[in-house]
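The analysis underlying the following values was restricted to heavy atoms, covering all of them including side chains, and did not include hydrogens, waters or symmetry mates. Nothing here was measured: the structure is a model prediction, and the numbers come from that model.
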Amino acid sequence: MPLVKHLRKTEPLWKEWDCKARKSGLRQTIYSVNGDQYTGEWLNNLKHGKGTYLWKENRSIYEGDWKCGKRSGFGTYSKQDSNTGEYIKIYSGYWKNDKKHGYGTHFYSVNEHYEGEWRCGMRSGWGRMYFANGNIYEGEWLEDKQSGQGMLRLVNENRYEGSWMNGKKHGPGKFYYLDKGQLYEGIWIEDIPKSGTMVDFGRQGAPFPTKYPIPEVKVADPEGILEKAQTYFLGDQE
(Lines give C-alpha, C1' and ligand atoms only; values in the text may rest on other atoms or scores of the structure.)
Protein backbone atom coordinates (compact mmCIF):
# COMPACT_ATOMS: atom_id res chain seq x y z
CA MET A 1 0.00 0.00 0.00
CA PRO A 2 1.54 3.33 -1.08
CA LEU A 3 2.35 5.86 1.59
CA VAL A 4 0.35 9.07 1.16
CA LYS A 5 1.73 12.22 2.64
CA HIS A 6 -0.66 15.01 3.53
CA LEU A 7 0.91 18.43 3.38
CA ARG A 8 0.41 20.40 6.55
CA LYS A 9 -1.47 23.60 5.91
CA THR A 10 0.64 26.58 6.84
CA GLU A 11 -0.25 30.22 7.18
CA PRO A 12 1.63 32.84 5.16
CA LEU A 13 4.62 34.26 7.00
CA TRP A 14 3.11 37.75 7.06
CA LYS A 15 0.17 36.46 9.11
CA GLU A 16 2.52 34.87 11.63
CA TRP A 17 4.56 38.06 11.92
CA ASP A 18 1.43 40.18 12.20
CA CYS A 19 0.14 38.00 15.03
CA LYS A 20 3.43 38.28 16.89
CA ALA A 21 3.42 42.08 16.57
CA ARG A 22 0.50 42.40 19.06
CA LYS A 23 -0.17 45.97 17.99
CA SER A 24 -1.80 48.25 20.58
CA GLY A 25 -2.00 52.01 20.90
CA LEU A 26 -1.06 54.59 18.27
CA ARG A 27 1.19 53.26 15.50
CA GLN A 28 2.78 54.62 12.37
CA THR A 29 1.47 53.58 8.97
CA ILE A 30 1.03 49.80 8.60
CA TYR A 31 1.11 48.41 5.05
CA SER A 32 -0.82 45.32 3.99
CA VAL A 33 0.42 42.77 1.45
CA ASN A 34 -2.14 44.03 -1.11
CA GLY A 35 -0.90 47.61 -0.79
CA ASP A 36 -3.60 48.93 1.56
CA GLN A 37 -2.38 51.06 4.44
CA TYR A 38 -3.66 52.06 7.86
CA THR A 39 -2.50 54.81 10.17
CA GLY A 40 -4.01 55.09 13.62
CA GLU A 41 -4.81 53.36 16.88
CA TRP A 42 -4.83 49.62 17.64
CA LEU A 43 -6.02 47.32 20.40
CA ASN A 44 -4.96 43.67 20.63
CA ASN A 45 -3.83 43.67 16.99
CA LEU A 46 -7.13 45.12 15.75
CA LYS A 47 -7.85 48.60 14.43
CA HIS A 48 -9.52 50.32 17.37
CA GLY A 49 -9.98 54.03 18.04
CA LYS A 50 -9.18 56.81 15.57
CA GLY A 51 -7.59 55.84 12.27
CA THR A 52 -7.30 56.31 8.51
CA TYR A 53 -7.47 53.43 6.03
CA LEU A 54 -6.47 53.73 2.37
CA TRP A 55 -7.51 51.10 -0.19
CA LYS A 56 -4.95 50.84 -2.98
CA GLU A 57 -7.12 49.11 -5.58
CA ASN A 58 -9.95 51.67 -5.86
CA ARG A 59 -8.07 54.60 -4.24
CA SER A 60 -10.73 55.11 -1.58
CA ILE A 61 -10.11 56.32 1.95
CA TYR A 62 -11.88 56.14 5.32
CA GLU A 63 -11.14 58.53 8.16
CA GLY A 64 -12.81 58.02 11.50
CA ASP A 65 -13.62 55.65 14.32
CA TRP A 66 -12.85 51.93 14.52
CA LYS A 67 -13.92 49.21 16.91
CA CYS A 68 -12.49 45.69 16.99
CA GLY A 69 -11.16 45.96 13.44
CA LYS A 70 -14.31 47.39 11.85
CA ARG A 71 -15.58 50.86 11.05
CA SER A 72 -17.80 51.79 14.00
CA GLY A 73 -18.67 55.28 15.20
CA PHE A 74 -18.36 58.46 13.16
CA GLY A 75 -16.35 58.46 9.94
CA THR A 76 -16.04 59.74 6.39
CA TYR A 77 -15.59 57.59 3.27
CA SER A 78 -14.21 59.21 0.09
CA LYS A 79 -13.05 58.11 -3.37
CA GLN A 80 -10.34 59.58 -5.54
CA ASP A 81 -11.37 61.27 -8.79
CA SER A 82 -9.47 59.60 -11.65
CA ASN A 83 -9.22 62.89 -13.55
CA THR A 84 -8.29 65.43 -10.89
CA GLY A 85 -6.76 63.15 -8.24
CA GLU A 86 -8.85 64.87 -5.58
CA TYR A 87 -10.85 62.88 -3.04
CA ILE A 88 -14.63 63.20 -3.37
CA LYS A 89 -16.73 62.63 -0.27
CA ILE A 90 -19.16 59.71 -0.65
CA TYR A 91 -20.49 59.25 2.87
CA SER A 92 -20.12 61.10 6.13
CA GLY A 93 -21.86 59.86 9.25
CA TYR A 94 -22.14 56.96 11.64
CA TRP A 95 -21.09 53.33 11.12
CA LYS A 96 -21.54 50.01 12.86
CA ASN A 97 -19.77 46.75 12.01
CA ASP A 98 -18.39 48.19 8.74
CA LYS A 99 -21.83 49.37 7.53
CA LYS A 100 -23.59 52.75 7.49
CA HIS A 101 -25.70 52.80 10.64
CA GLY A 102 -27.25 55.81 12.36
CA TYR A 103 -27.45 59.33 10.95
CA GLY A 104 -25.39 60.16 7.88
CA THR A 105 -25.22 61.78 4.45
CA HIS A 106 -24.49 59.84 1.25
CA PHE A 107 -23.55 61.68 -1.96
CA TYR A 108 -24.61 59.68 -5.03
CA SER A 109 -23.56 62.40 -7.47
CA VAL A 110 -23.07 66.16 -7.59
CA ASN A 111 -26.84 66.72 -7.84
CA GLU A 112 -28.15 63.80 -5.80
CA HIS A 113 -27.74 62.97 -2.12
CA TYR A 114 -29.51 61.50 0.90
CA GLU A 115 -29.37 62.73 4.48
CA GLY A 116 -31.00 60.82 7.28
CA GLU A 117 -31.03 57.53 9.13
CA TRP A 118 -29.36 54.28 8.11
CA ARG A 119 -29.62 50.71 9.33
CA CYS A 120 -27.25 47.91 8.31
CA GLY A 121 -26.00 49.87 5.29
CA MET A 122 -29.47 50.80 3.96
CA ARG A 123 -31.66 53.87 4.23
CA SER A 124 -34.07 53.06 7.06
CA GLY A 125 -35.89 55.44 9.39
CA TRP A 126 -36.41 59.13 8.65
CA GLY A 127 -34.55 60.74 5.77
CA ARG A 128 -34.55 63.33 3.00
CA MET A 129 -33.54 62.44 -0.57
CA TYR A 130 -32.58 65.08 -3.12
CA PHE A 131 -32.92 63.55 -6.60
CA ALA A 132 -30.93 64.64 -9.62
CA ASN A 133 -34.12 65.67 -11.48
CA GLY A 134 -34.98 68.22 -8.76
CA ASN A 135 -37.57 66.15 -6.88
CA ILE A 136 -37.30 65.91 -3.08
CA TYR A 137 -38.65 63.16 -0.84
CA GLU A 138 -38.84 63.62 2.91
CA GLY A 139 -40.20 60.93 5.21
CA GLU A 140 -39.81 57.35 6.29
CA TRP A 141 -37.64 54.66 4.67
CA LEU A 142 -37.27 50.91 5.05
CA GLU A 143 -34.46 48.89 3.47
CA ASP A 144 -33.56 51.58 0.90
CA LYS A 145 -37.18 52.25 -0.18
CA GLN A 146 -39.77 54.85 0.78
CA SER A 147 -42.06 53.11 3.28
CA GLY A 148 -44.40 54.69 5.82
CA GLN A 149 -45.41 58.36 5.82
CA GLY A 150 -43.67 60.79 3.51
CA MET A 151 -43.90 63.77 1.19
CA LEU A 152 -42.64 63.93 -2.39
CA ARG A 153 -42.25 67.44 -3.84
CA LEU A 154 -41.79 67.54 -7.58
CA VAL A 155 -39.66 70.09 -9.39
CA ASN A 156 -42.84 71.86 -10.61
CA GLU A 157 -43.97 72.24 -6.92
CA ASN A 158 -46.71 69.60 -7.22
CA ARG A 159 -46.52 67.30 -4.23
CA TYR A 160 -47.80 64.10 -2.69
CA GLU A 161 -48.36 63.65 1.05
CA GLY A 162 -49.31 60.28 2.44
CA SER A 163 -48.50 56.60 2.72
CA TRP A 164 -45.74 54.69 0.92
CA MET A 165 -44.76 51.07 0.55
CA ASN A 166 -41.77 49.56 -1.27
CA GLY A 167 -40.91 52.89 -2.88
CA LYS A 168 -44.42 53.56 -4.25
CA LYS A 169 -47.42 55.63 -3.20
CA HIS A 170 -49.60 53.11 -1.40
CA GLY A 171 -52.53 53.70 0.96
CA PRO A 172 -54.26 56.99 1.95
CA GLY A 173 -52.70 60.09 0.44
CA LYS A 174 -53.17 63.54 -1.04
CA PHE A 175 -51.74 64.82 -4.32
CA TYR A 176 -51.64 68.59 -4.77
CA TYR A 177 -51.69 69.55 -8.46
CA LEU A 178 -50.64 73.13 -7.75
CA ASP A 179 -49.87 73.82 -11.41
CA LYS A 180 -53.53 73.14 -12.33
CA GLY A 181 -55.18 74.13 -9.05
CA GLN A 182 -56.59 70.73 -8.10
CA LEU A 183 -56.35 68.32 -5.17
CA TYR A 184 -56.84 64.57 -5.20
CA GLU A 185 -57.42 62.80 -1.89
CA GLY A 186 -57.94 59.08 -1.66
CA ILE A 187 -56.44 55.62 -1.84
CA TRP A 188 -53.34 54.71 -3.86
CA ILE A 189 -52.23 51.22 -4.84
CA GLU A 190 -48.65 50.86 -6.12
CA ASP A 191 -48.43 54.45 -7.42
CA ILE A 192 -51.92 54.38 -9.00
CA PRO A 193 -54.85 56.41 -7.56
CA LYS A 194 -57.72 53.95 -7.14
CA SER A 195 -60.51 55.66 -5.20
CA GLY A 196 -60.91 59.22 -3.99
CA THR A 197 -62.15 62.72 -4.66
CA MET A 198 -60.81 65.45 -6.95
CA VAL A 199 -61.64 69.06 -6.09
CA ASP A 200 -60.48 72.50 -7.17
CA PHE A 201 -57.71 73.83 -4.92
CA GLY A 202 -56.27 77.29 -5.47
CA ARG A 203 -57.38 77.18 -9.09
CA GLN A 204 -57.51 80.96 -9.47
CA GLY A 205 -53.83 81.38 -8.58
CA ALA A 206 -52.57 78.31 -10.48
CA PRO A 207 -50.13 78.96 -13.37
CA PHE A 208 -51.89 76.47 -15.69
CA PRO A 209 -55.48 76.13 -14.46
CA THR A 210 -57.95 73.80 -16.14
CA LYS A 211 -60.30 75.43 -18.63
CA TYR A 212 -63.36 74.72 -16.49
CA PRO A 213 -63.80 74.11 -12.76
CA ILE A 214 -64.69 70.62 -11.60
CA PRO A 215 -68.51 70.34 -11.67
CA GLU A 216 -70.44 69.31 -8.59
CA VAL A 217 -71.59 65.70 -8.69
CA LYS A 218 -74.72 64.92 -6.71
CA VAL A 219 -75.35 61.38 -5.47
CA ALA A 220 -77.48 60.06 -2.64
CA ASP A 221 -74.64 59.01 -0.32
CA PRO A 222 -71.24 60.20 -1.62
CA GLU A 223 -69.37 59.49 1.62
CA GLY A 224 -70.82 56.01 1.90
CA ILE A 225 -69.96 55.17 -1.71
CA LEU A 226 -66.42 56.43 -1.27
CA GLU A 227 -65.92 54.56 2.01
CA LYS A 228 -67.17 51.32 0.46
CA ALA A 229 -64.85 51.65 -2.52
CA GLN A 230 -61.81 52.48 -0.38
CA THR A 231 -62.53 49.57 1.96
CA TYR A 232 -62.64 47.28 -1.05
CA PHE A 233 -59.25 48.43 -2.40
CA LEU A 234 -57.54 48.38 0.99
CA GLY A 235 -58.99 44.99 1.84
CA ASP A 236 -57.82 43.59 -1.49
CA GLN A 237 -54.20 44.37 -0.49
CA GLU A 238 -54.30 42.46 2.80
Side-chain angles (χ1 to χ4, degrees), residues 89-93 100 103-119 122-238:
K89 186 184 297 182
I90 302 297
Y91 174 80
S92 181
K100 296 185 284 287
Y103 191 89
T105 303
H106 186 108
F107 298 91
Y108 296 92
S109 66
V110 176
N111 300 318
E112 189 168 80
H113 73 275
Y114 167 86
E115 55 184 23
E117 296 176 301
W118 298 77
R119 189 177 299 121
M122 293 184 287
R123 292 167 289 184
S124 291
W126 179 92
R128 185 186 294 115
M129 181 73 192
Y130 295 85
F131 295 95
N133 61 5
N135 296 344
I136 301 174
Y137 171 83
E138 182 175 358
E140 296 177 294
W141 296 76
L142 180 64
E143 296 181 349
D144 259 348
K145 294 181 179 179
Q146 299 101 316
S147 290
Q149 294 297 308
M151 179 186 72
L152 175 67
R153 188 170 78 236
L154 306 182
V155 67
N156 64 358
E157 297 300 329
N158 289 350
R159 71 177 187 272
Y160 169 81
E161 299 177 1
S163 300
W164 296 76
M165 181 183 291
N166 294 325
K168 295 181 179 180
K169 296 182 283 290
H170 193 94
K174 299 179 181 179
F175 199 105
Y176 295 84
Y177 297 91
L178 300 181
D179 57 341
K180 297 187 295 185
Q182 294 179 334
L183 166 64
Y184 170 83
E185 181 177 3
I187 300 299
W188 299 70
I189 304 296
E190 295 185 347
D191 263 349
I192 300 175
K194 289 291 187 176
S195 175
T197 59
M198 179 76 84
V199 297
D200 288 320
F201 182 84
R203 183 172 173 274
Q204 292 181 345
F208 306 104
T210 55
K211 187 174 182 180
Y212 301 104
I214 297 176
E216 182 181 1
V217 178
K218 295 182 178 181
V219 293
D221 184 15
E223 293 183 359
I225 295 174
L226 186 62
E227 182 180 359
K228 184 177 180 180
Q230 293 181 347
T231 301
Y232 167 78
F233 283 113
L234 290 175
D236 190 50
Q237 298 300 307
E238 296 180 354

Nearest heavy atoms of [X] and [Y], plus distance in Å:
{"X": "Tyr160", "Y": "Gly171", "result": "OH-O, 4.3 Å"}
{"X": "Trp141", "Y": "Arg123", "result": "CB-O, 3.5 Å"}
{"X": "Phe201", "Y": "Leu183", "result": "CB-CB, 3.7 Å"}
{"X": "His113", "Y": "Tyr108", "result": "CA-CD1, 4.0 Å"}
{"X": "Glu138", "Y": "Trp126", "result": "OE2-CZ2, 3.2 Å"}
{"X": "Asn135", "Y": "Leu154", "result": "OD1-CA, 3.2 Å"}

Find the distance between [atom1] ([X]) and [atom2] ([Y]) and round it off to the nearest 0.5 Å.
{"X": "Glu140", "Y": "Gln149", "atom1": "CD", "atom2": "CD", "value": "6.5 Å"}
{"X": "Asn133", "Y": "Glu112", "atom1": "CG", "atom2": "CD", "value": "7.5 Å"}
{"X": "Ile214", "Y": "Met198", "atom1": "CD1", "atom2": "CE", "value": "6.0 Å"}
{"X": "Met151", "Y": "Trp164", "atom1": "CE", "atom2": "CH2", "value": "10.5 Å"}
{"X": "Asp200", "Y": "Lys180", "atom1": "CG", "atom2": "NZ", "value": "11.0 Å"}

Test your reading of the model: is there a side-chain donor-acceptor pair from Asp191 to the backbone of Lys169, 3.5 Å cut-off? yes
Under a 4.0 Å threshold between the charged nitrogen and the carboxylate oxygen, would Glu115 count as salt-bridged to Arg128? yes
Within the 4.5 Å heavy-atom criterion, are Pro193 and Tyr184 side-chain neighbours or not? yes
side-chain contact (heavy atoms from CB on, under 4.5 Å) between Glu157 and Asp179: does it pass, once the steps are laid out? CA-CA 8 Å; Glu157 297 300 329; Asp179 57 341; over 6 Å; no
Got a sec: does the CZ of Arg153 have more than 12 other heavy atoms crowding it under 6.0 Å? no
Hits for side-chain contact (heavy atoms from CB on, under 4.5 Å) against Met165, two or more places apart or cross-chain, chain-then-number order -> His170
Go through the steps to decide whether Glu161 and Tyr176 satisfy the test side-chain contact (heavy atoms from CB on, under 4.5 Å), and finish with yes or no. CA-CA 8 Å; Glu161 299 177 1; Tyr176 295 84; 3.9 Å; yes
Could you walk me through whether Ile136 and Met129 pass the side-chain contact (heavy atoms from CB on, under 4.5 Å) test, one step at a time? CA-CA 6 Å; Ile136 301 174; Met129 181 73 192; over 6 Å; no
Only one of Tyr103, Phe107, Trp118 passes ring pair (Phe, Tyr, Trp, His ring centres under 6.0 Å) with Tyr91, and that residue is Trp118
Before giving the answer on side-chain contact (heavy atoms from CB on, under 4.5 Å), spell out for Ile90 and His106 the whole-Å C-alpha distance, their side-chain angles and the decisive distance to 0.1 Å. CA-CA 6 Å; Ile90 302 297; His106 186 108; 3.7 Å; yes
